[in-house]
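Letters go in sequence order (proteins before strands), and every chain restarts at 1. Everything numeric here is computed off the predicted structure, so don't read it as measured data.
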2 protein chains.
Amino acid sequence: MEFKHQATVTLAEVAEAAGVGESTVSRVLRNHGSFSGRTRERVMAAVERLGYVPNRIAGTLASTGSRLVAFVIPSLSNIVFPDVLRGASAVLEENRYQAVFSVTDYDPGKEEALAAAMLAWRPAAVMLAGCEHTEGTVKMLRASGCRVVELLDLDGDALDIAVGFSNRAAGRESAAFLLKRGYRRIGYVGHDLNRDTRAGKRFSSFCETLGAHDAPLVAREILPGASSVENGRLGLERLLARTTDLDAVYFSNDDMALGGYFHCLAQGIAIPSKLAIFGYNGLDIGRATPQPLSTIRTPRVATGEIAAQLVVANAPPQAVDLGFELIEGATA
Amino acid sequence: MEFKHQATVTLAEVAEAAGVGESTVSRVLRNHGSFSGRTRERVMAAVERLGYVPNRIAGTLASTGSRLVAFVIPSLSNIVFPDVLRGASAVLEENRYQAVFSVTDYDPGKEEALAAAMLAWRPAAVMLAGCEHTEGTVKMLRASGCRVVELLDLDGDALDIAVGFSNRAAGRESAAFLLKRGYRRIGYVGHDLNRDTRAGKRFSSFCETLGAHDAPLVAREILPGASSVENGRLGLERLLARTTDLDAVYFSNDDMALGGYFHCLAQGIAIPSKLAIFGYNGLDIGRATPQPLSTIRTPRVATGEIAAQLVVANAPPQAVDLGFELIEGATA
DNA sequence: TTTGCTGTTGGCAGCGCTGCCAAAATGAAT
DNA sequence: ATTCATTTTGGCAGCGCTGCCAACAGCAAA
């Protein structure tokens with residue numbers, strides 16, 4: 001059963017109460033067009049008195065173009081996406097845009113269905129994670145004519161606007177750093193890469209770089225499901241049970257890396273002398289651990305901010321590379 | 001500059017292409033009312049051919065009651081709120097509702113402004129954190145006639161629906177647990193309590209309980225700003241610098257507690273024999289640390305789920321107590 | 001007084017859909 | 001063939017607002 005709104009005061013009622021025309025009320029409330037000070041006062045008084053709340057559904061329908069921005073994100077468990085939303089929502093709120101979201105659970109099919117549902121709201125823009133989408137999604141977004149922003153991955157062709165950085169470069173630099181530090185027997189602990197294609201890109205570039213320096217990946221442990229601290233801990237435990245002579249482990253992200261770090265603490269494995277640990281994301285928590293985590297800090301909040309700014313400004317199609325920062329830390 | 005949608009296919013065009021009336025198309029698409037199988041096929045074929053995407057703005061305006069649910073949350077940095085959103089959005093998506101959100105930054109004035117902006121979208125429900133709101137917010141929500149759900153705090157009068165648990169009880173039980181374990185010289189490290197009133201409630205009940213057992217709080221360290229691991233670490237460091245004989249410290253939440261835990265690890269302070277640590281929230285990470293964190297696990301995802309279910313079912317006003325679980329852990 | 005501005009204002013036709021109602025088609029029963 | 005009940009269908013008036021246009025007022029210049 002749908003909820004029915006009660007006592008809905010309309011523009012027309014305000015107009016009548018203020019003794020002016022509807023369009024005058026509309027102009028005053030949107031502060032658009034011209035009207036006298038006296039009219040303004042009368043309208044505002046009526047608005048106040050009646051407790052009028054404009055109906056943006058009607059307003060959006062009547063005008064062309066909405067102020068809704070739709071986010072179709074893979075997850076809310078992975079702090080990455082709340083961070084992006086945080087950056088974006090601050091900018092959007094300032095500009096009187098409204099954020100709408102739904103969660104795909106890293107499922108491309110669901111992404112397509114949710115994107116379609118989003119388009120039904122005729123948003124000003126749709127923001128998606130990454131640049132890998134189903135054919136149907138791409139076709140639909142193209143046809144919609146609404147702005148499309150692809151976030152956090154620049155390794156691919158952008159549909160319209162893309163904001164983020166190269167995950168391949170991140171994987172490459174991570175490998176280069178470990179090699180530079182002298183690690184040669186390197187392992188990997190990751191989560192389900194089929195779902196998180198960005199983590200997959202980092203991993204493959206990481207491996208390529210190792211291979212190019214005659215230090216190919218020694219072992220890997222991939223855990224099903226999402227990344228988590230517990231999976232990181234479990235993954236490292238399993239990896240070390242199989243492979244005893246590793247000198248460094250690359251993790252699919254900081255959550256996983258922290259799990260590995262905790263495993264070492266619990267087992268008395270000296271870090272980084274006995275085993276080095278390297279993560280990805282640059283979470284704040286990694287700076288507060290007894291040894292700061294070696295990782296790559298990604299511009300998550302900034303990605304959201306810039307994306308929102310470009311949408312608000314109706315900027316031309318473009319790819320914005322925000323880069324990332326390698327944090328040397330103390331675990332590698 | 002607002003974005004203008006292009007090439008918008010309308011219901012009327014689909015109707016014409018399918019050789020049926022508008023209302024027939026509407027019925028078929030909503031699978032509501034009756035129509036023949038042949039009609040259905042013709043309509044769906046036309047929809048497919050034209051790439052029609054229904055306009056929910058128009059649909060919502062025409063019908064009474066929307067399928068938007070508005071979230072007005074304090075923060076996206078604190079994992080609590082993404083967790084609530086996660087639980088809620090899963091249920092909402094299943095029921096073809098759409099989640100909309102904005103972030104107040106723990107500012108009651110901003111909450112009022114954002115709630116007003118939300119009401120302009122005529123949502124089916126507004127979900128807010130806690131039960132402390134400005135007079136203006138309360139008045140506006142009451143007048144809106146839309147469903148109001150207050151989340152994560154049952155210590156107060158609910159406007160309509162409330163889902164969560166008692167923060168006071170959480171504070172009380174935390175204190176009781178520490179006392180039962182024999183700790184008597186207890187300190188507190190917290191973040192800005194004026195903003196996070198729920199943390200404030202926990203703290204005051206915690207103190208009352210200690211006082212009632214002749215073991216009043218020995219010292220406290222309150223850090224300005226939001227909770228974070230780094231602030232927790234810093235807070236404990238400061239507290240211990242001033243007060244040397246504490247045997248346990250209660251933290252405003254797990255983020256802060258983890259910071260304290262890391263400080264102890266870094267300083268070689270034995271846990272819990274030299275100093276016990278107790279948190280709040282029951283984050284997953286607390287189970288993966290070398291010693292599992294002693295804390296209270298809160299039903300964050302479930303809070304979102306239940307809240308969404310009640311809204312979808314248009315349930316009568318009620319307060320749902322989901323309780324919480326005390327995790328004994330190994331740090332206290 | 002008339003003219004020509006600029007600044008204000010109201011009327012009203014949509015925006016794209018849904019809900020209501022009456023009309024038409026169908027089918028079963030006589 | 002006729003009747004009645006049922007299913008299927010189309011027409012059309014809004015939902016509450018915005019955007020356009022015409023109308024009007026006030027005022028300075030002629």
> For the pair made of CZ in A:Arg67 and C1' in D:dT18, what is the distance, rounded to whole Å?
Replying inline: 14 Å
> Counting side-chain heavy atoms from CB outward, which of C:dT18, D:dG16, D:dT18 is closest to B:Glu22?
Replying inline: C:dT18
>> Distance check needed: D:dC17 P versus A:Leu29 CG, whole Å only.
In response: 9 Å
> For B:Asn55 and D:dG16, what is the distance between atoms CG and P respectively, to the nearest whole Å?
Replying inline: 17 Å
> Would you say the side chain of A:Ser63 and the base of D:dG19 hold a donor-acceptor pair, judged only by whether the two atoms sit under 3.5 Å apart?
Replying inline: no
> Is it the case that B:Thr134 and B:Thr137 place a side-chain donor and acceptor less than 3.5 Å from each other?
Replying inline: yes
> In whole angstrom, what separates A:Phe35's CZ from C:dG10's P?
Replying inline: 13 Å
> Tell me: CZ of A:Arg122 to P of C:dC15, nearest whole Å?
Replying inline: 14 Å
> Counting side-chain heavy atoms from CB outward, which of C:dG10, D:dT18, D:dG10 is closest to B:Arg27?
Replying inline: D:dG10
>> Students often get this wrong, so: under 4.0 angstrom with heavy atoms, is A:Thr39 touching a base, only sugar-phosphate, or nothing?
In response: sugar-phosphate
> Hey, does the side chain of B:Ser36 come within less than 4.0 Å of D:dT9's phosphate (OP1/OP2), counting only N and O?
Replying inline: yes
>> In this structure, how many angstroms lie between the P atom of C:dC17 and the CH2 atom of A:Trp121, rounded?
In response: 13 Å
> At under 4.0 Å, does any side-chain N or O of B:Ser23 touch on OP1 or OP2 of D:dT9?
Replying inline: no
> If you measure only the distance, is there a donor-acceptor pair under 3.5 Å linking the side chains of A:Arg86 and B:Ser77?
Replying inline: yes
> When you look at B:Arg38 and B:Ser36, which way does the side chain to side chain donor-acceptor pair (under 3.5 Å) test go after all the steps?
Replying inline: CA-CA 5 Å; B:Arg38 199 167 58 52; B:Ser36 69; 5.5 Å; no
>> Could you tell me how far apart A:Leu50 (CG) and D:dG16 (C1') are, to the nearest whole angstrom?
In response: 15 Å
>> What I want to find out is whether B:Asp160 reaches B:Arg147 closely enough, with some N-O distance under 4.0 Å, to be called a salt bridge.
In response: yes
> Given atom CG of A:Leu11 and atom P of C:dG14, what is their separation to the nearest angstrom?
Replying inline: 19 Å
>> It should be established whether A:Ser26 places a side-chain nitrogen or oxygen under 4.0 Å from OP1 or OP2 of nucleotide D:dC17.
In response: no
> How do B:Ile57 and A:Val25 order along DNA chain C: which one's closest nucleotide is nearer the 5' end?
Replying inline: A:Val25
> Are any of the side-chain nitrogens in A:Lys139 or A:Glu112 under 4.0 Å away from the carboxylate oxygens of its partner?
Replying inline: no
>> Check the phosphate of C:dG10 against A:Thr24, side-chain N and O only, distance under 4.0 Å to OP1 or OP2. Yes or no?
In response: yes
> Among D:dT18, D:dG16, D:dT8, which is the nearest nucleotide to the side chain of B:Ser34?
Replying inline: D:dT8
> Contact class for B:Gly37 vs. all strands (heavy atom < 4.0 Å): base, sugar-phosphate, or nothing?
Replying inline: nothing
